[in-house]
Structure formats: C-alpha cells, structure tokens
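First up is the structure itself, then whatever we jot down about it.
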Protein chains: 2
Amino acid sequence: MDADTPSRIERLCIDRGLKMTGQRRLIARVLSEADDHPDVEELYRRALALDARVSIATVYRTVRLLEEKGILERHDFGGSRARYEPTEHGHHHHLIDVDTGRVIEFEDEAHEAVMQAIAARLGFELVGHRLEMFGRRVEPAPPPPVPSKARRG
Amino acid sequence: MDADTPSRIERLCIDRGLKMTGQRRLIARVLSEADDHPDVEELYRRALALDARVSIATVYRTVRLLEEKGILERHDFGGSRARYEPTEHGHHHHLIDVDTGRVIEFEDEAHEAVMQAIAARLGFELVGHRLEMFGRRVEPAPPPPVPSKARRG
DNA sequence: TTAGGTGCAAAGGATTTGCGGAATT
DNA sequence: AATTCCGCAAATCCTTTGCACCTAA
C-alpha cells in the first residue's frame with residue numbers, strides 16, 4: 001500500500017471527523033496492513049519501523065479512541081495485554097492454538113443462531129457476545145522444538 | 001454454614017493435599033458461600049468481615065493457587081480486574097446484563113455441540129472455550145417513545 | 001523440625017494522564 | 001487563532017514478590 005494513499009482505517013477516521021495527524025495516519029496505516037491481532041506494544045514497534053516520530057502513549061491513546069469510535073475491536077486472548085483488530089468483516093470469533101499461540105478466525109451461522117436462542121430463552125435481547133476457543137491441532141506432524149511461550153494473564 | 005464445618009472448597013483443598021492455614025480456611029469459606037463472581041478486592045472485603053487476620057496479598061496468592069489446582073475459575077467480564085468462581089457445576093457460561101452488570105449463568109447443550117463441531121471443522125481438538133454474552137432485558141411493556149434501536153456494532 | 005504460608009511494603013507490568021510545546025482545522 | 005494532539009515522565013491500577021517471621025503437619 002502506498003504511503004500517500006489514505007489507508008482504509010484512515011478513511012474511516014476521516015469519515016468520523018477525526019483530526020488527522022501524522023501519527024494517526026501512521027497508526028491507521030499499520031492497522032490497515034495488519035491481518036493479525038497485535039497488541040499495543042507490537043503496533044508501536046511496527047509504527048516505529050515506518051516513522052520514528054511516535055510515542056507509545058499516542059498509540060495507546062489512538063487505539064482507545066478508535067475503539068470508542070467503533071473502528072477497532074479490543075480482545076483478551078488470555079495474555080496480559082489487550083490485542084486489537086479492525087472492525088470490519090462480519091461477526092467472527094477466535095480459535096487460539098494453545099501450542100503455537102496462533103489465532104484462527106472463524107464465523108459460524110449455527111453458533112450465531114444458538115446465541116440468539118439462548119438470549120431469548122433467558123429473556124434478553126442480545127447486544128453482543130464474545131467467544132474464544134482454545135484448541136490443539138489434531139494429529140499434526142510432531143510439534144516443532146519451539147518452546148511455547150506460555151504467558152499467563 | 002457453621003464456621004467449624006469444613007466448607008466445600010476447604011474439602012477440595014484438603015483432597016489436593018494443600019496445607020490448610022487459618023487464612024486459607026477463611027478464604028475457602030468465603031468462596032464456598034459466594035454465589036456470585038467476586039473479584040479479589042471483594043473477596044478480601046468479605047474475608048476481613050469474618051476475621052481481620054488476612055492480607056490482600058494472601059487472597060491474591062490463594063486465588064491463584066486454587067485456580068492452578070482447578071478449584072477456581074478466573075473470568076474476565078470486561079472490567080479491569082479478574083473475577084472468580086468455584087469450578088463446580090458443569091460447563092456453563094455467562095450472560096452479562098449490560099444495564100445492571102448482573103451476571104446470569106447458563107449452560108446449553110446445543111451450544112457445546114456446535115463448539116465441538118466448529119473445532120473439528122478447523123482441524124482442532126477443543127481443549128477449552130470461553131463465551132460471554134452481553135444482553136439487555138426485553139421488557140414485556142410497550143417499547144419506549146424512541147422507536148428504532150440503532151444497531152451498534 | 002521443616003517445608004511452606006503470611007504480612008508488609010516495594011516492585012512490576014500495562015495503561016492512563018498532567019503539562020508545556022506542537023500541529024491541524 | 002482556537003482546538004486538539006503529542007511526547008515525556010510521572011501516576012494509577014491491578015497483581016506479584018522479596019524478605020523476615022510464623023505455622024501446619
């Protein structure tokens with residue numbers, strides 16, 4: 001993606017009337033190019049690699065702002081820090097590979113339907129829900145010698 | 001529950017060979033009597049009310065120990081601190097009332113089945129999962145003057 | 001007796017914030 | 001020009017820990 005072309009997230013920011021500074025543009029670009037679920041530390045690292053004129057405080061502030069604007073979603077995948085991803089593709093959930101830490105996204109209509117049904121049964125209107133599954137690959141090749149970084153929250 | 005009768009949690013601790021100190025007995029009792037999902041601060045408060053000889057550090061240590069032993073489950077309901085509940089009744093999940101903060105527990109076989117199916121479809125063996133729903137009570141009375149509820153993402 | 005638990009206060013890690021200077025509309 | 005933002009460092013919040021003392025087994 002060209003550095004001068006407004007990134008997808010930058011466009012969203014503009015649409016919502018946010019003042020676009022150099023650092024916001026930068027962070028928006030990093031977010032737009034991410035296809036994973038980075039934490040603030042990681043976003044900061046990626047942003048720094050493109051332009052050193054950012055502070056981690058600004059990344060925190062921006063990420064928070066974008067979450068409030070509905071542009072970003074915050075997740076808790078069990079680690080100690082929050083991880084973010086752009087709100088875009090329809091409602092989906094996450095399967096975390098407990099051996100590698102890799103996050104697989106998925107959506108499932110049956111599941112959505114069940115959610116609605118459960119809420120209704122309990123007398124509630126569903127305004128949101130969150131699902132994380134933790135799994136282990138079924139009979140993969142013998143696991144690599146990479147020590148799993150078991151971080152606890 | 002009599003203060004001298006071992007609480008349910010205390011029994012579990014004994015079964016797992018944990019050294020039972022006065023503070024552990026106390027915390028075990030508080031946990032056994034809780035039917036909600038208190039955070040450490042709250043557990044500490046309740047314990048203090050029964051016996052002042054506890055420190056919050058011990059509550060933190062105990063809660064962590066019991067979680068490692070599988071006696072407690074830690075939850076993240078969106079607030080800033082972790083909340084705990086005894087591991088007991090079968091696998092269940094939580095519906096958080098977004099207006100009152102109240103937590104409703106439920107279990108649902110259909111949902112469990114769907115979980116398994118999703119994991120299998122993705123080539124994983126399910127080792128755990130976490131589900132939280134956020135909802136709002138549906139009132140039987142006619143809807144308020146504001147007709148359309150703008151769906152927020 | 002001895003491994004392990006406890007209290008206190010200090011340390012830690014993630015995130016927020018006050019403030020003076022700087023950039024955007 | 002007015003408003004909002006940024007960087008820095010200090011502050012917060014929740015949680016963990018080092019250390020000296022205490023206690024269950």
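In what follows, every chain begins at residue 1, and chains take the letters A, B, ... in the order their sequences are listed.
- The distance from atom CD of B:Glu68 to atom P of C:dG4 is 15 Å, rounded to the nearest whole Å.
- Annotation: B:Arg11, atom CZ; neighbour count of heavy atoms from other residues, nucleotides and ligands within 6.0 Å does not exceed 12.
- Distance B:Glu42 CD to D:dC14 C1': 16 Å, rounded to the nearest Å.
- In this structure, B:Arg83 atom CZ and D:dC14 atom P are separated by 13 Å, rounded to whole Å.
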All N/O contacts under 3.5 Å from nucleotides 19-25 of chain D to the protein, with atom names and distances to one decimal?
unit_1 : atom_1 : unit_2  : atom_2 : d
D:dA25 : OP1    : B:Met20 : N      : 3.4

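- Distance SG/B:Cys13 to CZ/B:Arg25: 10.0 Å, rounded to 0.5 Å.
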Close N or O pairs between protein and nucleotides 12-15 of chain C (under 3.5 Å):
unit_1 : atom_1 : unit_2  : atom_2 : d
C:dA14 : OP1    : A:Arg81 : NH1    : 3.2
C:dT15 : OP1    : A:Ala82 : N      : 3.1
C:dT15 : OP2    : A:Tyr60 : OH     : 2.6

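- Between B:Asp39 and B:Arg81 there is a salt bridge, since at least one side-chain N of the basic residue sits less than 4.0 Å from a carboxylate O of the acidic one.
- Using cut-offs of 30° and 60° on the angle between ring planes, the pair A:His93 and A:Phe106 is tilted.
- Distance B:Leu65 CG to C:dA3 P: 19 Å, rounded to the nearest Å.
- In this structure, B:Arg53 places its CZ atom where only 12 or fewer heavy-atom neighbours from other residues, nucleotides or ligands lie under 6.0 Å away.
- Residues meeting the salt bridge (charged side-chain N to carboxylate O under 4.0 Å, His left out) test with B:Glu112, sequence neighbours left out: none.
- Using a cutoff of 4.0 Å between basic side-chain nitrogens and carboxylate oxygens, B:Glu67 and B:Arg74 are scored as salt-bridged.
- Residue B:Ile27 contributes atom CD1, which lies 12 Å from atom P of C:dG5 at whole-angstrom precision.
- Between B:Phe77 and B:His37, a ring centre-to-centre spacing shorter than 6.0 Å is recorded.
- For the OP1/OP2 pair of C:dA23 and a distance below 4.0 Å, the side-chain nitrogens and oxygens of A:Gln23 include no atom meeting the criterion.
- Phosphate proximity of C:dG7 to B:Arg53: absent, as no side-chain N or O sits under 4.0 Å from OP1 or OP2.
- If you take CG of A:Leu26 and C1' of D:dC6, they are 13 Å apart, rounded to a whole angstrom.
- Here the straight-line distance linking atom CD of B:Glu73 with atom CZ of B:Arg130 works out to 11.0 Å at 0.5 Å rounding.
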